[in-house]
Amino acid sequence: MKKLKDFIRDVPNFPKEGIIFKDITTLLKNSEALSMAIDQLYERVKEMKIDKVIGIESRGFIFAPILSYKLKAGFVPVRKPGKLPAEIVSESYELEYGTDTLEMHKDAIKKGDKVLIADDLIATGGTAKAVCKMVEKMGGEVVALEFLIELEFLKGREKLENYNLISLIKY
Ligand code: AMP
């Protein structure tokens, strides 16, 4: 039987030289692999009484809304700067070269909300950490972070050691 990992395509030197891009479109287009991934992500968090699932632009927008629906929770988008129309909170974080910023609506999370953060992949953990900070600024509780893929050699988990971090496919 095929495993989830068998559906991930490695694309060398994308988007730049030296990066091996983990392409999930080969998993998404296969109905059985997609169900398997969603079912496994759901199984790990279904007892957590989650109020909101946060998806990180862009590929987090694929998994988070499906999980929201299954968990009977709300969906909250975290976006790149300048995309959200109402009042926002923002958080900047370090990249290998330079910094990046993410934004979220100020009224997206209520004090005491139990929040799940979902994305396709965790690399250095910088993106996920920035989202945790925003949720906590608004008084939300990050009950878990879920990723389809974890690049363990980049040690993102160390940056998030106080959180419940779940991943299905590890490299
Ligand atoms: P990081 O903040 O370093 O954990 O980076 C995580 C974000 O970058 C995720 O939203 C991923 O989609 C993207 N990303 C980083 N490295 C890769 C990779 N090798 N293949 C695909 N996406 C990646």
Side-chain angles (χ1 to χ4, degrees), residues 3-30 33-34 36-38 40-42 44-45 50 52-68 75-84 88-105 108-109 115-137 140 142-171:
K3 300 188 299 296
L4 282 180
K5 207 176 209 171
D6 301 329
F7 292 93
I8 306 297
R9 171 164 58 191
D10 280 1
V11 183
N13 303 316
F14 183 90
K16 54 185 181 193
E17 201 67 30
I19 305 272
I20 300 173
F21 192 85
K22 298 294 180 194
D23 179 17
I24 61 166
T25 64
T26 35
L27 180 147
L28 298 173
K29 72 176 179 182
N30 183 291
L34 179 60
M36 212 194 309
I38 297 293
Q40 289 185 27
L41 289 168
Y42 173 67
R44 308 273 193 104
V45 297
I50 289 159
K52 308 256 168 69
V53 183
I54 293 185
I56 308 172
E57 187 173 359
S58 307
R59 272 161 292 159
F61 288 3
I62 299 166
F63 297 103
I66 309 179
L67 286 169
S68 303
F75 166 69
V76 172
V78 163
R79 300 210 60 182
K80 288 162 188 162
K83 306 277 189 183
L84 290 169
I88 52 136
V89 288
S90 73
E91 192 66 43
S92 295
Y93 57 100
E94 301 288 319
L95 296 174
E96 205 183 347
Y97 302 103
T99 65
D100 223 336
T101 303
L102 286 172
E103 295 181 348
M104 198 171 160
H105 272 149
I109 302 290
V115 174
L116 169 69
I117 296 170
D119 204 359
D120 65 327
L121 181 145
I122 178 163
T124 64
T127 309
K129 187 75 190 278
V131 178
C132 289
K133 282 190 190 160
M134 281 192 277
V135 171
E136 286 160 4
K137 263 189 214 167
V142 178
V143 293
L145 297 104
E146 269 201 319
F147 304 91
L148 181 66
I149 301 169
E150 176 177 4
L151 301 183
E152 286 184 308
F153 54 92
L154 292 174
K155 303 190 190 305
R157 193 174 276 277
E158 287 178 12
K159 224 179 244 148
L160 292 154
E161 60 181 356
N162 299 320
Y163 296 92
N164 181 7
L165 194 157
I166 299 160
S167 67
L168 302 185
I169 305 169
K170 297 172 208 296
Y171 292 92

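Order of listing sets the numbers, starting from 1, for every ligand and every atom in it. Any value given below was found using the heavy atoms of this structure, including those in side chains, with hydrogens, waters and symmetry copies removed.
Contacts between Leu151 and ligand 1 below 4.0 angstrom, taking non-hydrogen atoms only, involve the side chain exclusively. Contacts of Asp120 with ligand 1, taken as heavy-atom pairs under 4.0 Å, involve the side chain alone.
When Ile149, Leu148, Leu121 are ranked by how near their heavy atoms come to atom 23 (C) of ligand 1, first place goes to Leu121.
In terms of protein heavy-atom proximity, atom 2 (O) of ligand 1 is closest to Thr127 OG1, 2.5 Å. Protein heavy atom closest to atom 20 (N) of ligand 1, with residue, atom name and distance, is Lys22 N, 2.9 Å. Nearest non-hydrogen protein atom to atom 19 (N) of ligand 1 is Ile20 O, 3.0 Å. Looking from atom 3 (O) of ligand 1 to the surrounding protein, the closest heavy atom is Thr124 OG1, 2.5 Å.
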Practice problem: Would you sort out whether Lys137 and Glu91 count as a salt bridge (charged side-chain N to carboxylate O under 4.0 Å, His left out), showing the intermediate values? | Solution: CA-CA 10 Å; Lys137 263 189 214 167; Glu91 192 66 43; 3.0 Å; yes
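Judged by distance alone, the side chains of Thr101 and Ser90 never bring a donor and an acceptor atom under 3.5 Å apart. At a cut-off of 3.5 Å, with distance as the only test, no side-chain donor of Lys29 or Thr26 sits close to an acceptor on the other residue.
Annotation: side chain of Met134 is in contact with side chain of Leu102 (closest heavy-atom distance under 4.5 Å). Looking only at side-chain heavy atoms (C-beta outward), Ile122 and Leu160 come within less than 4.5 Å of each other.
With respect to Glu103 and Arg79, no salt bridge is recorded, no charged nitrogen being found less than 4.0 Å from a carboxylate O. Contact check on Lys22 versus Asp10 returns a salt bridge, with a Lys/Arg side-chain nitrogen under 4.0 Å from an Asp/Glu carboxylate oxygen.
Atom CG of Asp119 is separated from atom CD1 of Ile56 by 4.0 Å, given to the nearest 0.5 angstrom.
A cation-pi arrangement is found for Lys5 relative to Tyr171, the charged atom lying closer than 6.0 Å to the ring centre and inside a 45° cone about the ring normal.
Note that atom 8 (O) of ligand 1 has no protein non-hydrogen atoms nearby, at separations under 4.0 angstrom.
Counting atoms of ligand 1 from 1 in the listed order, those under 4.0 Å from a heavy atom of Gly126 are 2 (O), 4 (O). Residue-ligand proximity, Ala123 to ligand 1, at heavy-atom distances under 4.0 Å covers atoms 1 (P), 3 (O), 4 (O), 5 (O), 15 (C), 16 (N). Near Asp119, meaning under 4.0 Å from one of its heavy atoms, ligand 1 places the atoms 9 (C), 10 (O).
Residue contact check for ligand 1: Ile56 places no non-hydrogen atom closer than 4.0 Å to it. Remark: distances from the non-hydrogen atoms of Gly125 to ligand 1 include one below 4.0 Å.
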